[in-house]
Amino acid sequence: MRRVTILGATGSIGQNTIDLIDRNAEGYQVVALTGGRNLAQLARDAIRLEAEVAVTAHDDLLDDLRAALAGSGVEAAAGAEALKEAAARPADWVMSAIVGAAGLPPGLAALEQGATLALANKETLVAAGALVMDMARQHNGTILPVDSEHSAVFQALAGEDIASVERVILTASGGAFRDWPMEKLCSATPEQAATHPNWDMGQRITIDSASMFNKALEVIEAKEFFGLAPDQIEVLIHPESMVHALVGHVDGGIMAHLGAPDMRHAIGYALHWPARAPLPVERLDLAKLGQLTFRAPEPGRYPALELARRVMERGGLAGAAFNAAKERALDAFIARRIGFTEMAEVVARSLDRLDARLGPAKGRFDLDNILQMDHLARCEADKVMAERQQ
Ligand code: NAD
Ligand code: MG
């Protein structure tokens, strides 16, 4: 029996992970499930899967969670410390599927206790790439990428020497606004941005897909996870979302990974790795599909992609600042305090103002340094937004 924990169990990735575990429930002992305000869902899954503990991120919900779990034998816990403790409980495999930088401390706790970390939370590598990869090496831990593009690259690299890789191409659907005229983007609403043409995902990542901040995070994630140089990573718009990534080798050969847009593929690959197991995902019928199309991202349309380049060149704590400022700008867009195109402006301005505090490009930073920068960048983004409103 494998002991598994799911951080962010009530979210889109968490529920897809539970779907796969449910299909072979006798093979797994669920250690911890964590969630946010959706206590009904959290309690229902924790009781059904006979988890040891269920944790809500919110301290104020502890009593409600206790009540929802009463008589079930599942322990209840709440708050950021409890999340870390849950992740630190001995487990073989931990799914990191909290959204945002909040996923970083529990993810690190899971690595520290020696679990294999299935990493959906891309913010972990964006904010703390060097620290996390060092931690994995130190504890002989394994990180398996769950972001579909990174899982695709990982699979395309199986049996290959990373030294023979010339470039990695991450595909992007282009999100909700890929066919909108650029001048219309400034009036886009959160509801319009939160509809994805191909993937069914959480609200935040869906909006990040429309702005390409998601792809910007993924470019940085790829640099950190695979140890690539920034100019080895390319982005290609591929509206059908069937080719998830491509790996180009020094001999000119390209390995592509294809599959239906269903996160259970990447999750299942990480769950069964290093083996492959049958997965309940749609099989591609290429003859029926007829064609796959690709185009370069239009220059000027996706300032987030340019910011990702800048962050990688700058190094130091730029990734932590970039992600945190982005999270605040996204909060403000969702709350209708700023417009869609303002998000990138706020992040760019915040990075300008924080530049002197981002430390040396190749400096070593611990978790405290990273969390401090995360905090500082949120404040800076708030200040930038307040000044813009005056
Ligand atoms: P989601 O919004 O559907 O779920 C997020 C989960 O995190 C929920 O369980 C929520 O309760 C929890 N959570 C939210 N804020 C929290 C906080 N401050 N502290 C603790 N827990 C908190 O998100 P999702 O779409 O499942 O995405 C999860 C992660 O996986 C993100 O990092 C996202 O970028 C990444 N990812 C998602 C997909 C996808 O298809 N959904 C694909 C690739 C990568
Ligand atoms: Mg992705």
Side-chain angles (χ1 to χ4, degrees), residues 5-19 32-42 45-46 54-59 61 65 77-84 86-87 95-107 109 117-127 144-154 170-173 175 194 196 198-209 212-222 225 235 238 241 243-245 257 259-267 269-270 323-324 326-327 330-331 334 374 378:
T5 281
I6 306 172
L7 307 170
T10 54
S12 163
I13 292 286
Q15 289 292 300
N16 277 308
T17 308
I18 288 178
D19 175 80
L33 296 183
T34 83
R37 298 209 169 270
N38 191 347
L39 297 187
Q41 173 93 62
L42 179 62
D45 286 336
V55 188
T56 164
H58 306 282
D59 294 291
L61 294 182
L65 181 60
E81 273 310 305
L83 282 176
K84 268 197 289 179
M95 166 55 76
S96 164
I98 289 171
V99 62
L104 171 60
L117 188 68
L119 190 63
N121 179 275
K122 59 195 81 189
E123 296 89 346
T124 293
L125 286 173
V126 173
L144 299 171
V146 173
D147 217 336
S148 57
E149 297 77 1
H150 304 71
S151 173
V153 172
F154 190 72
L170 306 180
T171 57
S173 70
H196 199 281
N198 307 336
W199 294 93
D200 181 12
M201 310 184 286
Q203 180 205 34
R204 298 179 72 86
I205 182 177
T206 305
I207 298 176
D208 281 350
S209 296
M212 280 291 192
F213 266 113
N214 180 51
K215 208 53 54 182
L217 296 173
E218 289 181 358
V219 166
I220 303 169
E221 182 188 12
F225 186 80
V235 172
H238 168 47
S241 294
V243 178
H244 303 307
H257 179 276
D262 183 333
M263 284 310 293
R264 291 177 304 176
H265 177 76
I267 297 167
Y269 185 79
N323 177 65
K326 190 281 293 175
E327 288 194 34
L330 176 59
D331 291 338
I334 292 172
D374 178 282
R378 282 169 206 266

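Atoms within each ligand, like the ligands themselves, are counted from 1 in listed order.
- Between the side chains of Asp19 and Gln15, no donor-acceptor pair of N or O atoms lies under 3.5 Å.
- The shortest side-chain heavy-atom distance between Leu104 and Thr124 falls under the 4.5 Å cut-off.
- Distances from atom 22 (C) of ligand 1 to the heavy atoms of Leu119, Leu217, Ile98 show the closest one on Ile98.
- Residue-level proximity to ligand 1 for Ala120 is carried by backbone and side chain together, each with a heavy atom below 4.0 angstrom.
- Counting heavy atoms under 4.0 Å from ligand 1, residue Met263 touches it through the side chain alone.
- Which parts of ligand 1 touch Leu83 is read off a 4.0 Å heavy-atom cut-off, strictly below it: atoms 20 (C).
- With a 4.0 Å cut-off on non-hydrogen atoms, Arg37 does not touch ligand 1 at all.
- Nearest non-hydrogen protein atom to atom 32 (O) of ligand 1 is Glu123 OE1, 2.8 Å.
- The protein heavy-atom contact nearest to atom 28 (C) of ligand 1 is Ala97 O, 3.3 Å.
- Put simply, the side chain of Leu330 reaches to within 4.5 Å of the side chain of Lys326, judged on heavy atoms.
- Residue-to-ligand polar distances keep Asn214 apart from ligand 1: every N/O pair is separated by 3.5 Å or more.
- When each of Glu149, His150, Glu218, Glu221 is tested with Lys122 by the rule side-chain hydrogen bond (donor to acceptor under 3.5 Å, both in side chains), just one qualifies, namely Glu218.
- One finds the CE atom of Met95 at 3.5 Å from the OG1 atom of Thr17 (value rounded to the nearest 0.5 Å).
- The atoms of ligand 1 that sit less than 4.0 Å from any heavy atom of Gly8 are 6 (C), 7 (O), 9 (O).
- Taking atom 36 (N) of ligand 1 as the reference point, the nearest protein heavy-atom neighbour is Ile205 CD1, 3.6 Å.
- Checked by distance only, ligand 1 and Gly11 come closer than 3.5 Å through their nitrogen or oxygen atoms.
- Among protein heavy atoms, the minimum distance from atom 25 (O) of ligand 1 is reached at Gly202 N, 2.9 Å.
- Proximity of Ile13 to ligand 1, defined as any heavy-atom pair under 4.0 Å, is shared by backbone and side chain alike.
- Ranking protein heavy atoms by distance to atom 34 (O) of ligand 1, first place goes to Lys122 CE, 3.1 Å.
- For the residue pair Ile98 and Leu83, the shortest heavy atom distance occurs at CD1-CD1, 4.4 Å.
- Side chains of Arg204 and Asp331 form a contact here, defined as non-hydrogen atoms less than 4.5 Å apart.
- Considering both main-chain and side-chain atoms, Ser12 comes within under 3.5 Å of ligand 1 through a nitrogen or oxygen pair.
- Across all non-hydrogen atoms, the minimal contact from Gly79 to Val55 is O-CG1, 4.3 Å.
- If you look at Ala102 next to ligand 1, the close heavy atoms, those under 4.0 Å, all belong to the side chain.
- Nearest heavy atom pair, residue Leu7 against residue Gly107, reads CD1-N, 4.4 Å.
- Polar contact with ligand 1: present for Thr10 (N/O pair, distance under 3.5 Å).
- Closest approach of Ile267 and Ile13 over heavy atoms only: CD1-O, 3.8 Å.
- Centred on the Mg ion (ligand 2), the OE2 atom of Glu218 and the OE1 atom of Glu149 lie at an angle of 100°, reported to 10°.
- The two residues Val243 and His238 come nearest to each other via the heavy atoms N-NE2, 3.0 Å.
- Of all protein heavy atoms, the one closest to atom 43 (C) of ligand 1 is Asp147 OD1, 3.1 Å.
- Proximity to Met201 (heavy-atom distance under 4.0 Å) selects the following atoms of ligand 1: 39 (C), 40 (O), 41 (N).
- Separation of the Trp199 and His244 ring centroids falls under the 6.0 Å cut-off.
- Polar contact check, Gly36 against ligand 1: a nitrogen or oxygen pair lies under 3.5 Å apart.
- The nearest N/O/S atom of Asp147 to the Mg ion (ligand 2) is OD1.
- In plain terms, the two heavy atoms of Thr56 and Gly36 that are nearest each other are OG1-O, 2.8 Å.
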| query | Would Val99 and Gln203 count as a side-chain contact (heavy atoms from CB on, under 4.5 Å) if you check the C-alpha gap in whole Å, the side-chain angles of each, and the deciding distance to 0.1 Å? | reply | CA-CA 10 Å; Val99 62; Gln203 180 205 34; over 6 Å; no
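- Nearest non-hydrogen protein atom to atom 20 (C) of ligand 1 is Ala57 CB, 3.4 Å.
- Evaluated by nearest non-hydrogen atom to atom 23 (O) of ligand 1, the leading choice among Asp262, Thr206, Asn121, Val99 is Val99.
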